[in-house]
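Working notes, beginning with the structure itself.
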Amino acid sequence: MPELPEVETLRSELARSLPGRTIVGVDLRLPKIFVAADGGGPEALVERTVLQLRRRAKFLIVELSQNATLVFHLRLAGQLVHRDATGSTLAQGGHPVPAWGAPLPHKSTHMIFTLDDASTLYLTDIRQFGRVWCMPPSDVEPLLDRARLGPEPLDPAFTVDVLAGRLARRPRALLKPLLLDQSVIGGVGNIYADEIIFVARLRPDTLAGEIDRAGLDRLHRAIRSVLEFAVQYGVARILNGIAASGCDFPKVHGRAGTPCPRCGTTIVKTRFAGRGTYTCPTCQAAPVARRSPSA
DNA sequence: AACTACTCCTGGAGGC
DNA sequence: TGCCTCCAGGAGTAGT
C-alpha cells in the first residue's frame, strides 16, 4: 500500500526516466479510474511532453506540456512501471502485485501510456481504487485542497511545534487515527503509522491531548526518522521485494509473534480503528490517564 | 467532535 | 485440486 516513502521513491525513479518523453498513445482499459477536468477522454494527452514530477503526500503529480497535469493516487494497490522498448524496467513503484518483473500488461493493467522512445508506462491496480486525474495546472492545488492535506512531514517547516499545533486541534482523538488522517499529516499510512508509534514509544490509543512534551518530541523525531529512513534507504524496494532487506524494517508492522527488537516481548496484532495494528505490549508506554494500572 | 460502519475491489491465504 | 470465506486497506461518506 503505497505511502509517502513509496510514492517518493517512485517519483524519484520516474523523474529520471520520464521527463522529456512525449506521449504518443494512451490505452485506457478501465474508464472509471480516469477523471478529466473537462470530461474528455485520455486521447487529449497525446503529443504532450512530460516536464517534471513532484509529490504531495501520497499524490504523484506529473506536469505535462500544453497546460496539462496528470495526478496519480495509487490508493491501496496501484503500481506504475516504466519499461523501455526492449521490456527492461526503467522505473517502478507502488504495490507489488503483480510481482515486479511480471509480464505487462497484466489483467489488472488499466492504463497504458506509449511514449515517443517506444517505452511504455503501465498503471496496474488489482483493487481498482487508484485514480488518475487530468487537469490544467491551475486546478491541481484546488484538488489537493479538497483533500485537506496536512503538512509534509519531511518538509523542514514541519517542526515539533507544528505537530503540537495539529494535535492540539484534536485533543480527544486517538493517536493512530490521527496519524492516518491526511488532514493532520500528509502521507502516513497504516504501516508507517505503526512504525512511528512504536519508535516514539507511544500507544495507538493514546489521546492526542495526553501526550506530554517529551512524547511530542519523540513522536516528531519518529515521524521524521522513520519516513526519512524509508525514503533514503529505499525501504519501498525492500517491502516490494525488489531489494534484499539489510535492515530491521519494519520493526513491528506485520511482525506479530516475533520478538520486539527493543525488549524481546512478543509483538501482538490487534484490530484498532478498523486497521491491523502491531504493537509491543511492554515497551510502548501506557497512556497517562485513560488506562489505569488496574484496567 | 469523533467515532463506527460501509463502500469501492480482488488477490491471496487458510480451512475443509 | 477446488471451492468457500475472510482479510487486506486509502479515502470518502453516512450514520450515531
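Keep in mind it's a predicted model, so treat the numbers as computed, not measured. In what follows, every chain begins at residue 1, and chains take the letters A, B, ... in the order their sequences are listed.
- Dashed line: the shortest gap from a side-chain N or O of H73(A) to OP1 or OP2 of dG10(C) is not under 4.0 Å.
- Centroid-to-centroid, the aromatic rings of H220(A) and F158(A) come within less than 6.0 Å.
- I197(A) approaches P204(A) most closely through the heavy-atom pair CG2-N, 3.8 Å.
- A side-chain hydrogen bond (donor to acceptor under 3.5 Å, both in side chains) with K176(A) is found for exactly one of N190(A), D205(A), T279(A), namely N190(A).
- If you measure from atom CZ of R166(A) to atom P of dA1(B), you get 14 Å, rounded to the nearest angstrom.
- In this structure, F72(A) places its CZ atom 18 Å from C1' of dG10(C), rounding to the nearest Å.
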Where protein sits on nucleotides 2-8 of chain B, one letter per nucleotide: B base, S sugar-phosphate only, - none, heavy atoms under 4.0 Å: SS----B
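- Rounded to whole angstrom, the span from the CZ atom of F59(A) across to the C1' atom of dG12(C) amounts to 11 Å.
- At whole-Å resolution of the value, CD in Q128(A) and P in dA11(C) are 18 Å apart.
- Taking atom NE2 of H95(A) as the reference point, atom C1' of dG9(C) lies 9 Å away to the nearest angstrom.
- The side-chain tip of R203(A) does not point at the ring of F272(A) from less than 6.0 angstrom away and within 45° of straight on.
- Taking only side-chain atoms of N190(A), from C-beta outward, the nucleotide of dG9(C), dG11(B), dG12(C) with the closest atom is dG9(C).
- Side chain of Q182(A), nearest nucleotide from dG9(C), dA11(C), dG11(B): dA11(C).
- Checking dG10(C), dG12(B), dA8(C) against every side-chain atom of R271(A), the shortest atom distance belongs to dA8(C).
- Nearest nucleotide to the K269(A) side chain, out of dG10(C), dA8(C), dG11(B): dA8(C).
- Between L144(A) atom CG and dG10(C) atom C1' the separation is 16 Å, expressed in whole Å.
- When only modelled atom types and interatomic distance are considered, H106(A) and T124(A) share no side-chain donor-acceptor pair under 3.5 Å.
- Between the CG atom of L74(A) and the C1' atom of dA8(C) there is a distance of 17 Å, rounded to whole Å.
- Side-chain nitrogen and oxygen atoms of K58(A) include at least one within less than 4.0 Å of the OP1 or OP2 phosphate oxygen of dA11(C).
- Checking dG12(C), dG10(C), dG11(B) against every side-chain atom of L76(A), the shortest atom distance belongs to dG10(C).
- Along DNA chain C, the nucleotide nearest A77(A) and the nucleotide nearest R148(A) are compared for position; the residue whose nucleotide lies closer to the 5' end is A77(A).
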Salt bridge (Lys or Arg N to Asp or Glu O under 4.0 Å) evaluation trace for E152(A) with R56(A): CA-CA 7 Å; E152(A) 278 291 318; R56(A) 176 73 173 96; 3.0 Å; yes
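- The CZ atom of F272(A) sits 18 Å away from the C1' atom of dA8(C) (whole-angstrom rounding).
- Between W133(A) and F59(A), the angle of the ring planes lies from 30° to 60°, which puts this pair in the tilted group.
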